[in-house]
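For reference, the structure is listed below as structure tokens.
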Amino acid sequence: MKILRAAHLGMCFGVRDAIQFALDQSALEPITILGDLVHNDTVLEELRAGGVQFQRQVESVDTASVMISAHGTSQRTLQALHSRGLRVHEATCPLVHAAHGAVLRLVREGFHPVIIGKRDHVEVRGLTGDLAEFDVVLDESDVAALKQRPRFGIASQTTQPIDRVRHLVKLIAERFPRSQIRFVDTVCQPTKQRQSAAIEMAKLSDVVVVIGGAHSNNTHELVNTCARFCSRVHHVQTAADLRQEWFAEVRTVGMTAGTSTPDVVIDAVERWLRAFAADRESVTRSGCDKAIVTN
């Protein structure tokens, strides 16, 4: 059984830096992260073991220091934290910061903001939290529900597949031919790299394993992307979720992982697959040897 590892997979620099910052800071003082730092249970357990606390509401924070997650937040939330006298540490990914800046520039220049992404995702809430008026779209029905505006300024959640983003931008432009449309590509490079590498890997695979948190948006997007090119795709959080029956008589298995998946988890999945492949090959050889002896 051949095992293919996508050329780009796993943790991006923004997530890796945020995790390390949280661990370093918690060694110095008690600290609370507002929301989940990342959507990966393995990482969150490591942080809790290091003494990091998590709260979803500003008023629930009971440490002197608070940290903003890699997904970012609104200026409104930051002001609420500062007004309580808390020391605020930002671990927001620089590429999410860039998306915030792009949206605010569109608004300042008179464009009605449209965000392509999941309305209830923490990053999207951060992108829209300071806006008086906005729309969030994720599919064709959302585009159909948009009202006429003279100017649309479009940006996206950083972990959306770029193909979906371009498709929705095209639909908006077609629906409102008399409106001025300005699109700012805020999909981050790590997401684009992982999506592209996943496609190339999936095309060559009989089965694909996607590793990542159950609530990780970019992991779910990788699952959906791989499913377009491979009929058998399995989403696992750790090696413990793997099942031998998925790989019976399979010739090629592909692997990819979301941007919040630790290397140690990816490596454990690969070790499991290689051990399974070795065991299967051993059984096959043993059967061949017995057949030769019998003959």
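Keep in mind the model is a prediction, meaning the values are calculated, not measured.
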As an exercise, state the distance from [atom1] of [X] to [atom2] of [Y], rounded to the nearest 0.5 Å.
| X | Y | atom1 | atom2 | answer |
| --- | --- | --- | --- | --- |
| Gln244 | Arg280 | CD | CZ | 11.0 Å |
| Ile33 | Gln53 | CD1 | CD | 10.0 Å |
| Leu127 | Thr186 | CG | OG1 | 7.0 Å |

task: Ignoring hydrogens and angles, state whether a donor on the side chain of His167 or Glu140 is under 3.5 Å from an acceptor on the partner side chain.
output: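 There is such a pair (donor and acceptor under 3.5 Å, judged by atom type) between the side chains of His167 and Glu140.
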- prompt: Have Thr42 and Gln237 got a donor and an acceptor in their side chains that come within less than 3.5 Å?
  reply: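 Thr42 vs Gln237: no donor-acceptor pair found between side chains.
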Residue pair Arg16, Asp263: steps toward the salt bridge (charged side-chain N to carboxylate O under 4.0 Å, His left out) verdict: CA-CA 10 Å; Arg16 198 180 301 276; Asp263 293 343; 3.6 Å; yes
- request: Please lay out, stage by stage, how Thr32 and Gln55 fare under the test side chain to side chain donor-acceptor pair (under 3.5 Å).
  value: CA-CA 7 Å; Thr32 300; Gln55 293 292 344; over 6 Å; no
query: Is it true that Asp163 and Lys192 have a side-chain N and a carboxylate O under 4.0 angstrom from each other?
result: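 The answer is no: the pair does not qualify as a salt bridge.
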field: Ion pair Arg105/Glu109, N-O distance below 4.0 Å
entry: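 Looking at Glu109 together with Arg105, the answer is no, because their closest N to O distance does not fall below 4.0 Å.
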Donor-acceptor pairs under 3.5 angstrom involving side-chain atoms of residues 110-124: please list them, not counting sequence neighbours.
from	atom 1	to	atom 2	distance (Å)
His112	NE2	Asp135	OD2	2.7
Lys118	NZ	Asn217	OD1	3.4
Arg119	NH2	Val136	O	3.4
His121	ND1	Glu123	N	3.0
Glu123	OE1	Thr158	OG1	2.9
Glu123	OE2	Thr158	N	2.8
Glu123	OE2	Thr158	OG1	3.1

Hey, does the side chain of [X] reach the backbone of [Y] with a donor-acceptor pair shorter than 3.5 angstrom?
| X | Y | answer |
| --- | --- | --- |
| Arg194 | Gln189 | no |
| Asp17 | Gly14 | no |
| Thr92 | His97 | no |
| Ser74 | Thr77 | yes |
| Asp206 | Arg251 | yes |

- prompt: Any chance the rings of His220 and His215 have centres within less than 6.0 Å?
  reply: no
message: As a quick check of understanding, evaluate side chain to side chain donor-acceptor pair (under 3.5 Å) for His8 and Gln195, giving each step before the final call.
response: CA-CA 8 Å; His8 298 280; Gln195 284 279 330; over 6 Å; no
task: Run through the side-chain heavy atoms of Ile, Leu, Val, Met, Phe, Trp and Tyr, join any pair under 4.5 Å, and report what else lands in Phe229's cluster.
output: Ile199
query: Which of parallel (below 30°), tilted (30 to 60°) and perpendicular (above 60°) describes Phe247 and His234?
result: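 Plane angle over 60°, so perpendicular.
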Got a list of side-chain donor-acceptor pairs under 3.5 Å for residues 20-29, not counting sequence neighbours?
from	atom 1	to	atom 2	distance (Å)
Gln20	NE2	Asp24	OD1	2.9
Gln25	NE2	Glu29	OE2	2.9
Ser26	OG	Ala22	O	3.2
Ser26	OG	Leu23	O	2.9
Ser26	OG	Gly50	O	3.4
Glu29	OE1	Ser65	OG	2.9
Glu29	OE1	Arg87	NH2	2.6
Glu29	OE2	Ser65	OG	2.8
Glu29	OE2	His89	NE2	3.4

